[in-house]
Amino acid sequence: MEKTDIKSLDYEELQQFMASLGEKPFRAKQLYEWMHEKLAADLDEMTNLSKGLRKKLKETTDYTSLEVVERLVSGIDGTEKYLFRLSDGNVIESVLMRYHHGNSVCISSQVGCRMGCRFCASTLGGLTRNLKPSEMLDQIYRIQQVSGERVSNIVVMGTGEPLDNYDNLLKFIRLLTDEHGLNISQRNITVSTCGIVENIRRLANEKLQITLAISLHASNQEKRKELMPIAYKYDIHEVLDATRYYFGQTGRRITFEYSLVGGVNDTEEDARELSALVGDINCHVNLIPVNPIKERSYVQSNHAVIEAFKNKLEKNRINVTIRREMGRDINGACGQLRKSYMDEN
Ligand code: SF4
């Protein structure tokens with residue numbers, strides 16, 4: 001019989017599950033508290049559950065608890081990178097970033113990724129599998145436990161395309177924002193997508209207050225195709241229309257992520273085209289100096305080019321920031337810690 005992944009169950013589902021084991025409703029409440037509020041790493045920590053019940057749970061359930069394989073702490077800004085092992089032996093990475101406004105964790109949503117963005121190390125081995133809601137949650141739970149610090153902001157921007165794992169993502173968000181769990185505000189959650197149009201619209205219809213970030217990375221369809229294979233499926237204008245729809249349904253300002261790649265998408269003409277593309281959208285553009293990876297020949301735009309690009313957007317009344325590089329000394333780029341671990345093993 002397949003074991004139940006109890007950390008992925010919402011409270012109602014957990015009540016039903018406990019009833020199926022012949023347990024009283026208050027046991028579901030205790031168990032939920034241990035998992036999502038006290039962040040227990042193990043069933044044996046749950047000391048107010050009888051030994052008999054814990055034994056029953058061990059026999060019937062899978063208790064997701066990620067194992068920390070590596071934790072790197074930046075000497076520059078305190079950023080922490082975590083490499084976690086899942087119960088099936090796969091590894092994933094997550095990042096804790098410390099800002100003035102609070103601690104932010106960037107999580108992975110899949111093991112690997114099948115989207116093939118040309119500048120990204122996470123996709124080099126393709127997609128292995130989706131992460132379960134419990135595996136997304138536990139990245140945050142473990143980091144909060146290990147660092148001993150409260151996490152207030154979550155970005156789903158690590159390895160994986162979250163909208164390619166839609167149902168698990170939604171369940172994860174519901175559990176994360178539950179008042180009986182970590183109770184993170186929807187407004188403090190950002191989900192980043194390379195632009196899966198039908199799921200952006202589906203997400204808009206959920207009318208959540210989360211921030212939608214679009215990996216745009218190009219100022220026109222042709223250039224986007226060179227950098228992101230997903231552009232062959234969805235035209236850039238379809239993606240932008242979906243973001244207009246998202247804003248219409250939720251009132252949430254859109255974030256556009258734009259990785260500046262030296263000589264590829266960083267010219268003045270690109271800045272002009274980009275301004276025209278997103279000028280009518282209530283948005284914010286986040287410029288990201290691309291992180292070079294050795295498997296690709298892309299290079300970072302130089303400092304003056306980045307500043308000029310930003311100025312051009314500002315002149316066109318676009319809200320824009322340059323993303324501060326965090327944890328530069330600990331193998332910064334997304335997916336690289338996991339990749340070097342896998343190469344070695
Ligand atoms: S940038 Fe995101 S969507 Fe694109 S390949 Fe990397 S992980 Fe996947």
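Side-chain atoms are counted along with the backbone in the values below, which use heavy atoms only and exclude waters and symmetry mates.
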Q: For Arg253, check side chain to side chain contact (heavy atoms under 4.5 Å, CB included) against everything at least two apart and list the hits.
A: Asn282, His284, Asn319
Q) Hey, which of Arg142, Lys171, Arg129, Lys7 is the one that makes salt bridge (charged side-chain N to carboxylate O under 4.0 Å, His left out) with Glu135? A) Arg129
Q. When Arg85 is tested against each of Glu93, Glu70, Glu67 for salt bridge (charged side-chain N to carboxylate O under 4.0 Å, His left out), which residue passes?
A. Glu67
Q | Donor-acceptor side-chain pairing of Asn205 and Tyr245 below 3.5 angstrom | A | yes
**Q.** Test item: Ser122 side-chain N/O and Cys113 main-chain N/O as donor-acceptor pair under 3.5 Å
**A.** no
Q.
A cation-pi test, strictly: NZ or CZ of Arg202 under 6.0 Å from the centre of the six-membered ring of Tyr166 and no more than 45 degrees from its axis. Yes or no?
A. yes
**Q.** Distance flag, aromatic centroids of His217 and Phe256, threshold under 6.0 Å
**A.** no
Q.
With no hydrogens and no angle check, just 3.5 Å: does a side-chain donor-acceptor pair link Asn165 and Ser109?
A. no
(Q) Please check: side-chain N/O of Asn90 versus main-chain N/O of Val111, any donor-acceptor pairing under 3.5 Å? (A) no
Acceptor/donor pairs from residues 176-183 side chains to any protein atom, 3.5 angstrom cut, sequence neighbours excluded:
residue	atom	partner	partner atom	Å
Thr177	OG1	Ile173	O	2.7
Thr177	OG1	Arg174	O	3.4
Asp178	OD1	His180	N	3.4
Asp178	OD2	Tyr32	OH	2.5

Q: Kindly indicate whether the side chain of Ile140, heavy atoms from C-beta on, has any atom under 4.5 Å from the side chain of Ile107.
A: yes
Q) Between Phe84 and Tyr82, is the gap from one ring center to the other below 6.0 Å? A) yes
(Q) My understanding is that only residues two or more places apart in sequence, or in another chain, count here; which of them pass side chain to side chain contact (heavy atoms under 4.5 Å, CB included) with Lys29? (A) Tyr11, Glu33
